[in-house]
A.B. asks: 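Would you mind keeping the following structure in view while I ask a few things?
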Amino acid sequence: MRVAVIGAGVIGLSSALCIHEQFHSLVPSLELEVYADHFTPHTTSDGAARLWQPYLSDHGNLQETLWNKETFDYLLGHLHSPAAKEMGLFLISGYNLFTEPVPDPSWKNIVLGFRNLTPKELELFPGYSYGWFNTALMLEGRSYLPWLTNRLTQRGVKFFRKKVESFQELFAQGVDVVLNCSGMRAGDLQPDPELQPGRGQIIKVLAPWVKHFIITHDLKSGIYNSPYIIPGSEFTVLGGIYQHGNWSEENSAKDHKSIWNSCCRLLPPLQKVKIVGEWSGLRPARPSVRLERESFRLGNLQAEVIHNYGHGGFGITIHWGCAMAAARLFGSILQEKKQLARPPGPRL
Amino acid sequence: MASPKVAVVGAGVIGLSTALCITETCPSCSVTVLSDQFSPNTTSDVAAGMLIPHTYPDTPVHRQKQWFKETFTYLFAISNSAEASEAGIHLVSGWQVFKSTPKEELPFWSDIVLGFRPMSEAELQKFPQHQFGQAFTTLKCDCPPYLLWLEKRLKATGTQMYTRKVTDLWELHSEYDIVVNCTGMGAHQLVGDKQLFPVRGQVLKAHAPWVKHFIRDGDGLTYIYPGIHRVTLGGTREKGSWSLSLDPGTTRDIFDRCCSLEPSLQGAQDIEVKVGLRPSRQCVRVQREVLSQGGVKLPVVHNYGHGAGGFSVHRGTANEAAHLVGECISALQGSSSRAKL
């Protein structure tokens with residue numbers, strides 16, 4: 001049973017790990033391979049700020065809220081394990097700010113200590129009259145992706161630096177199941193007009209005295225188009241750009257200025273900090289995550305693709321819930337192929 | 001008295017902030033800071049600088065609350081300004097946890113810090129040995145940055161600072177009109193205050209930049225306070241111990257206690273060990289006195305004995321001491337005009 005994962009960002013690697021953890025002892029013939037043209041630290045996942053926080057509204061997509069919760073609970077469970085530091089996992093508290101009262105988010109009971117801001121706290125943020133405080137989790141890409149890679153390598157999963165041009169290419173090599181975790185470039189493998197880039201740009205600064213995340217919201221301009229400040233373990237990320245449909249991965253001077261000015265207004269002490277980097281990336285945005293099976297008929301063989309892409313700006317937030325859902329889909333494929341009952345034998 | 005000459009003895013957080021308050025309330029004063037130690041070698045430099053008050057048994061609660069409130073308000077304004085990073089002042093959130101529910105669930109300062117509330121069941125799960133907890137956001141003054149910033153502000157007002165060990169306040173009477181005694185533990189020797197006693201504290205300063213919250217055990221013995229570059233892990237409260245040597249057994253014990261509150265600290269690097277003697281007293285001595293010797297008078301304002309709570313109340317006590325200096329000046333001007341008659 002050959003399984004090929006396309007994509008080595010957080011979705012590809014975590015799906016691979018989840019499937020291997022659940023099935024390698026049940027399917028002795030399981031061979032798992034990861035194909036990608038970019039590996040850490042050059043994936044979209046690496047650039048992200050890595051804060052667990054869903055969008056403000058789930059638009060009635062309860063499935064995604066559940067996957068978010070599963071991810072948070074999974075990570076929280078690892079917080080006190082010796083692996084936490086290596087994973088880049090730690091607790092972080094902070095502020096979500098609004099210019100008007102808003103309904104509580106779907107995730108208010110998932111995070112810890114969710115509450116409204118007091119008037120005195122709001123004094124810190126002139127121009128914002130309402131807000132939330134809560135404790136959430138950070139999962140730093142610089143650490144988590146290498147950690148996932150190590151876990152997979154230890155399990156004998158093979159990695160190939162290769163740009164896969166089509167699913168058929170892999171099927172022709174004898175792959176039985178493809179896990180399509182290609183993120184932004186899923187459209188190259190199979191056209192998907194619903195998948196669009198949500199371009200973001202961030203500035204990395206040294207501001208080790210910032211201990212809280214601060215995320216502002218402008219309900220008119222939409223998610224992440226309002227300044228945010230997210231402190232990591234080595235540097236702090238300043239952002240606030242979300243450009244739907246923009247495919248450019250070049251840093252824009254105009255966006256730099258917008259991020260810098262708005263973040264310094266939000267947190268005046270930032271004016272004196274040292275800038276250590278800048279990055280642009282494309283959030284693989286979709287009205288909802290594409291997490292489903294697709295069967296392909298090749299002569300008298302049936303090959304399967306499990307799609308797991310389109311996680312927008314909440315990939316880290318939802319990744320483990322999606323990985324488990326992908327593993328469940330894989331399980332149902334195995335049932336259909338009666339792989340779980342059959343001892344290893346020659347391929348037909 | 002055209003330009004009263006004021007000597008402030010002591011250059012820890014109390015001495016420097018008192019000197020600064022004096023320059024603010026009495027711009028015509030000429031202020032000089034004298035100390036045998038300056039940052040980074042003061043007791044203040046060892047402290048974490050967390051704004052979580054210590055309770056003084058013999059100081060009325062309303063006075064302690066006033067001191068804390070003034071200090072918090074003052075630092076809150078700086079934390080939100082462009083100077084915050086230079087001054088070393090930043091907000092930090094976290095938890096105070098108790099193994100058994102405390103008698104006083106609402107400390108006197110709960111409405112001064114931000115967002116004070118009891119911890120939820122889910123939050124307490126992170127602390128399996130603790131039954132009850134409080135979550136809030138407060139301020140931290142990192143040293144040396146805060147002391148260096150105070151020194152910079154003082155120099156800008158023309159205040160002179162000299163390294164000098166003062167062994168007797170009377171040494172100063174010929175050069176200065178008023179002496180302000182902010183010598184902390186040094187007051188034991190300098191003014192013979194036997195009510196002042198050391199409470200030895202050993203701490204570790206570690207590199208663990210993923211720790212973004214403070215955690216404090218309600219017993220005050222074990223705490224984790226994340227600063228700008230390092231996390232302070234503590235501690236000990238050894239009443240009556242004058243020892244400034246580092247104890248390796250204590251280091252191991254502090255590290256173990258902190259790791260049981262925050263397991264990820266096992267990965268902490270570059271651990272530095274420090275010791276300080278908290279200048280402790282049943283009540284902080286903020287008081288005016290006129291010393292007299294052979295017909296010569298020397299007005300003295302005392303501001304010492306802050307024990308474990310120096311940072312939490314420093315600005316409030318500095319304000320009070322500065323007012324007392326003002327009273328000394330009025331008294332001197334009163335008596336000098338009487339002398340003219």
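FYI, side chains are in, hydrogens and waters are out, and symmetry mates aren't considered; it's all heavy atoms of this structure. Every chain is numbered from 1, with letters handed out A, B, ... down the list of sequences.
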A.B. asks: How many angstroms lie between atom CG of A/L267 and atom OG of B/S81, to the nearest 0.5 angstrom?
C.D. replies: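 The CG atom of A/L267 sits 10.5 Å away from the OG atom of B/S81.
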A.B. asks: How many angstroms lie between CD in B/Q266 and NZ in A/K85, if you round to the nearest 0.5 Å?
C.D. replies: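 The NZ atom of A/K85 is 11.0 Å from CD of B/Q266, to the nearest 0.5 Å.
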A.B. asks: Any side-chain heavy atom of A/W209 within less than 4.5 Å of one from B/V92?
C.D. replies: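 Counting from C-beta outward, A/W209 and B/V92 never come under 4.5 Å.
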A.B. asks: To the nearest 0.5 Å, what is the distance between CG on A/L117 and CG on B/L114?
C.D. replies: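 Between A/L117 CG and B/L114 CG, I get 10.0 Å after rounding to 0.5 Å.
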A.B. asks: Please flag which part of B/A135 lies under 4.5 Å from any non-hydrogen atom of chain A: side chain, backbone, both or neither.
C.D. replies: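 Looking at B/A135, nothing touches chain A.
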A.B. asks: Any heavy-atom pair between the side chains of A/H212 and B/T137 that's under 4.5 Å?
C.D. replies: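 Yes - at least one pair of side-chain heavy atoms lies under 4.5 Å apart.
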A.B. asks: So for B/S93, is it side chain, backbone, both, or neither that comes closer than 4.5 Å to the heavy atoms of chain A?
C.D. replies: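 Answer is both: backbone and side chain atoms of B/S93 are under 4.5 Å from chain A.
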A.B. asks: What part of B/E86 is in contact with chain A, defined as an atom under 4.5 angstrom from a non-hydrogen atom: side chain, backbone, both or neither?
C.D. replies: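 It is the side chain, since no backbone atom gets that close.
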A.B. asks: Kindly indicate whether the side chain of B/L91, heavy atoms from C-beta on, has any atom under 4.5 Å from the side chain of A/L124.
C.D. replies: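 B/L91 vs A/L124: side chains touch.
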A.B. asks: Say you draw a straight line from CZ of B/F76 to NZ of A/K120; how long is it, rounded to the nearest 0.5 Å?
C.D. replies: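 Interatomic distance, B/F76 CZ to A/K120 NZ, rounded to 0.5 Å: 7.0 Å.
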A.B. asks: Would you tell me whether B/H213 and A/K211 have side-chain atoms, one donor and one acceptor, within less than 3.5 Å of each other?
C.D. replies: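 No, A/K211 and B/H213 have no side-chain donor paired with an acceptor closer than 3.5 Å.
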A.B. asks: So which heavy atom on B/H229 is nearest to which on A/P208, and how close?
C.D. replies: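 Taking every non-hydrogen atom into account, CE1-CG, 3.8 Å.
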A.B. asks: For a 4.5 angstrom cut-off between non-hydrogen side-chain atoms, does A/L91 reach B/K126?
C.D. replies: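 In short, these two side chains touch, coming nearer than 4.5 Å.
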A.B. asks: Got more than 12 heavy atoms from elsewhere within 6.0 Å of NZ, B/K274?
C.D. replies: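 Count over threshold, so yes.
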A.B. asks: For the candidates B/S85, B/S120, B/A84, which exhibits the highest count of non-hydrogen atom pairs separated by less than 4.5 Å from chain A?
C.D. replies: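 The candidate making the most pairs under 4.5 Å is B/S85.
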A.B. asks: Which atoms of A/E234 are under 4.5 Å from chain B, going by heavy atoms: the side chain, the backbone, both sets, or neither?
C.D. replies: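 No part of it gets close to chain B.
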A.B. asks: Just verifying a value: how many Å separate B/S264 OG and A/L79 CG, rounded to the nearest 0.5 Å?
C.D. replies: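 The distance works out to 7.5 Å.
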A.B. asks: To the nearest 0.5 Å, what is the distance between CH2 (B/W210) and OG (A/S143)?
C.D. replies: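 B/W210 CH2 to A/S143 OG: 10.5 Å, rounded to 0.5 Å.
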A.B. asks: Measure distances from A/S81 to the heavy atoms of chain B and classify the residue's part below 4.5 Å as side chain, backbone, both or neither.
C.D. replies: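 Nothing of A/S81, per the 4.5 Å heavy-atom cut-off to chain B.
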A.B. asks: Side chain, backbone, both or neither: which part of B/P263 has an atom under 4.5 Å from a heavy atom of chain A?
C.D. replies: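 For B/P263, the contact with chain A is made by the side chain alone.
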A.B. asks: Report yes if the side chains of B/F116 and A/T118 come closer than 4.5 Å at any heavy-atom pair, otherwise no.
C.D. replies: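 They are not in contact (no side-chain heavy atoms under 4.5 Å apart), so the answer is no.
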